[in-house]
Protein chains: 2
Amino acid sequence: MKSIIEILKENDIAPSMQRIKILEYLQSYKTHPTADMIYQALADEMPTLSKTTVYNTLKTFTEKGVLMALSLFGNEVRYEYNTEPHIHFKCTKCDKIYDLDKSFDHYNDDLIDGHKITEHHVNLRGICKICLRKVGD
Amino acid sequence: MKSIIEILKENDIAPSMQRIKILEYLQSYKTHPTADMIYQALADEMPTLSKTTVYNTLKTFTEKGVLMALSLFGNEVRYEYNTEPHIHFKCTKCDKIYDLDKSFDHYNDDLIDGHKITEHHVNLRGICKICLRKVGD
DNA sequence: TACTTCTTTGTAACGATTACAACTTTGGAA
DNA sequence: TTCCAAAGTTGTAATCGTTACAAAGAAGTA
Ligand SMILES: [Mn+2]
Ligand SMILES: [Mn+2]
Ligand SMILES: [Zn+2]
Ligand SMILES: [Zn+2]
């Protein structure tokens, strides 16, 4: 598997400690965290880390295509390490985000009604299986 | 066609002047406006209107199912008067939002992997036909 | 070394939204 | 009618996520 430093270099991003740790975090935790969640998670290990650095880094990563930024019902942006196209489901009870591997037609690089499509997101909302079970109690 | 007052009453919402004007606006202008855009548009006609009222009203309408709230790439919520399921496309150049009538499998009321689906959004991003033409210049 | 550029940091500012408490309107009892 | 409780509206302050900015630090290069 490709190392984090290799991934960064391939994308013309200098591999600073901050950037390595942030990408490492997103590679390990597939929870679609917000910038703040990432900051909180790394703050112990890196006491001098600045939240601005987290935002800067996420911006850089997203622009270079290393990460995907998601807008999933709410006014905060969530990030994930880039993977195959997949569907997102967010539970209205517990706010957890699930990846669904259901297939769907995706139109990236297509032209629809004359518009050039560069991103395609399918976002579902509802009550997750765990919360459904709790409601039944 | 059903009157605005009828729509409100059917949904157990008392038809105040503010609520009528806000729903009227969303019925007439299919631009997926933000709360602030609605406020700005109505402020001339209703000088005492409060932005809080706009937020309260949009919340009520959304909870009652009169409106749909959309999260389309960005940290502000957009609203539209409820219609048939359709795809949204947002231009990264001009930020305009287009409705696309392309059909897609939608899973409302279905169960996927044990999760109960209540909302299904398909959001595309790219460069709209108008901005594509400008780029060519 | 000195210089340039990139990166990080802390603070302030910003935009969207919510909390809250006071005020106003409404729709029934009495 | 008059009175009151509930519902609705308003303005202000607070909060949250994010961005702007300028200073400080690190790294690379001649
Ligand atoms: Mn995902
Ligand atoms: Mn629409
Ligand atoms: Zn849940
Ligand atoms: Zn455009």
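It should be emphasised that the depicted structure is a prediction, and the values quoted were computed from it without experimental measurement.
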### Query
Using a distance-only test with no angle check, is there a side-chain donor-acceptor pair under 3.5 angstrom linking N108(A) and H120(A)?
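No.
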
Transitively linked via ILVMFWY side-chain contacts under 4.5 Å: [X] with [Y]?
X	Y	value
L70(A)	L100(A)	no
M68(B)	F61(B)	no
Y39(A)	L26(A)	yes

#### Entry: Parallel, tilted or perpendicular: rings of H88(A) and H32(A) (30°, 60°)
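Plane angle over 60°, so perpendicular.
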
### Task
Check side-chain contact (heavy atoms from CB on, under 4.5 Å) between Q40(B) and all other residues, then give those that pass, not counting sequence neighbours.
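By the side-chain contact (heavy atoms from CB on, under 4.5 Å) rule, Q40(B) matches D36(B).
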
### Message
Taking side-chain contact (heavy atoms from CB on, under 4.5 Å) as the definition, give me every residue that meets it alongside D110(B), ordered by chain and number, with sequence neighbours left out.
### Response
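Checked D110(B) against side-chain contact (heavy atoms from CB on, under 4.5 Å); matches are Y107(B).
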
### Message
Show the nearest heavy-atom pair for residues H121(B) and F73(A), with the distance to one decimal.
### Response
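Closest heavy-atom pair between H121(B) and F73(A): CD2-CE2, 3.3 Å.
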
### Task
Encode nucleotides 7-23 of chain C as B, S and - characters from 5' to 3', where the letter depends on protein heavy atoms closer than 4.0 Å: B to the base, S only to sugar-phosphate, - to neither.
SSBBB----SBBBB---

### Task
Would you grab the first and last nucleotide of DNA chain D (5' to 3') that comes under 4.0 Å of any non-hydrogen atom in chain B?
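Nucleotide range with atoms under 4.0 Å of chain B: dG8(D) to dT18(D).
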
#### Entry: Sidechain N-carboxylate O distance under 4.0 Å for E76(A), R78(A)
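Salt bridge between E76(A) and R78(A), a charged N being under 4.0 Å from a carboxylate O: yes.
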
### Task
Rounding to 10 degrees, work out the angle separating the end axes of the helix from dT1(C)-dA30(D) to dA30(C)-dT1(D) (five pairs an end).
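Overall, the helix from dT1(C)-dA30(D) to dA30(C)-dT1(D) bends by 0° from one end axis to the other.
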
### Message
The criterion is side chain to side chain donor-acceptor pair (under 3.5 Å); which residues satisfy it with K21(B), sequence neighbours excluded?
### Response
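Testing K21(B) for side chain to side chain donor-acceptor pair (under 3.5 Å), a comparison that skips the adjacent residues, returns E45(B).
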
